[in-house]
Amino acid sequence: MIHTITIKTQDEKEFEQIKGLAQSLGVLFEESHKSHLSKEEQMQLLNQLHWEGDETGDELNAMIYGARQSSSRNVEF
């Protein structure tokens, strides 16, 4: 049976200490690293996006609304 514990560290020192403990105990461990972007960094990334296509924004909007199936349907039970 495998048991899983998730430990979230705030800095590299804490991470290395926990990792060292797992290694010294001889237990299997997996590590993953995720960085969270600040709102400013997220906005900078969004500003770098560029779209080129044959359709205009209005045409894309019409296509999206035209593809919706939000009308009521007759369903027999």
Side-chain angles (χ1 to χ4, degrees):
M1 178 184 297
I2 295 177
H3 301 280
T4 303
I5 296 174
T6 302
I7 300 173
K8 297 180 181 182
T9 61
Q10 296 297 319
D11 59 41
E12 197 66 31
K13 182 180 177 185
E14 288 178 350
F15 175 76
E16 291 301 326
Q17 288 174 337
I18 297 295
K19 182 178 174 181
L21 176 61
Q23 288 173 330
S24 67
L25 292 173
V27 297
L28 297 174
F29 67 93
E30 294 178 18
E31 61 182 88
S32 65
H33 305 273
K34 297 178 185 176
S35 62
H36 297 281
L37 299 177
S38 68
K39 291 288 182 188
E40 183 177 307
E41 291 170 323
Q42 291 175 14
M43 293 306 294
Q44 287 175 351
L45 286 174
L46 283 175
N47 288 333
Q48 293 175 10
L49 293 177
H50 181 70
W51 167 261
E52 283 188 29
D54 297 333
E55 300 87 1
T56 66
D58 290 336
E59 290 171 331
L60 288 172
N61 196 24
M63 290 168 60
I64 291 169
Y65 278 99
R68 286 186 175 175
Q69 297 181 359
S70 58
S71 61
S72 57
R73 297 169 198 75
N74 292 330
V75 178
E76 293 184 30
F77 291 102

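Note that the numbering runs from 1 along the sequence shown for the chain. As the structure is a prediction and not an experimental result, all values here were calculated from the model.
When hydrophobic residues (I, L, V, M, F, W, Y) are linked wherever their side-chain heavy atoms come within less than 4.5 Å, the members clustered with Leu45 are Leu37. Under the 4.5 angstrom side-chain criterion for Ile, Leu, Val, Met, Phe, Trp and Tyr, Leu28 has no cluster partners at all. Through side-chain heavy atoms spaced under 4.5 Å, either directly or across other Ile, Leu, Val, Met, Phe, Trp or Tyr residues, Leu25 is tied to Leu21, Val27.
Remark: Glu52 engages His50 in a side-chain hydrogen bond (donor to acceptor under 3.5 Å, both in side chains) (not counting sequence neighbours). By the side chain to side chain contact (heavy atoms under 4.5 Å, CB included) test, Leu49 pairs with Leu46, sequence neighbours left out. Applying the side chain to side chain contact (heavy atoms under 4.5 Å, CB included) rule to Gln44 yields the partners Glu40; only residues at least two apart in sequence or on another chain are considered. With sequence neighbours excluded, no residue satisfies side chain to side chain contact (heavy atoms under 4.5 Å, CB included) with Ser32. Considering only residues two or more places apart in sequence or on other chains, Ile5 meets the side chain to side chain contact (heavy atoms under 4.5 Å, CB included) condition with Ile7.
Sorted by first and then second residue, the ring pair (Phe, Tyr, Trp, His ring centres under 6.0 Å) pairs with a member in residues 10-43 read Phe15-His33; sequence neighbours excluded. Counting only residues at least two apart or on different chains, the salt bridge (charged side-chain N to carboxylate O under 4.0 Å, His left out) pairs with a member in residues 12-23 are Lys19-Glu31.
Within the 3.5 Å criterion, the main-chain N or O of Met43 finds a donor-acceptor partner in the side chain of Asn47.
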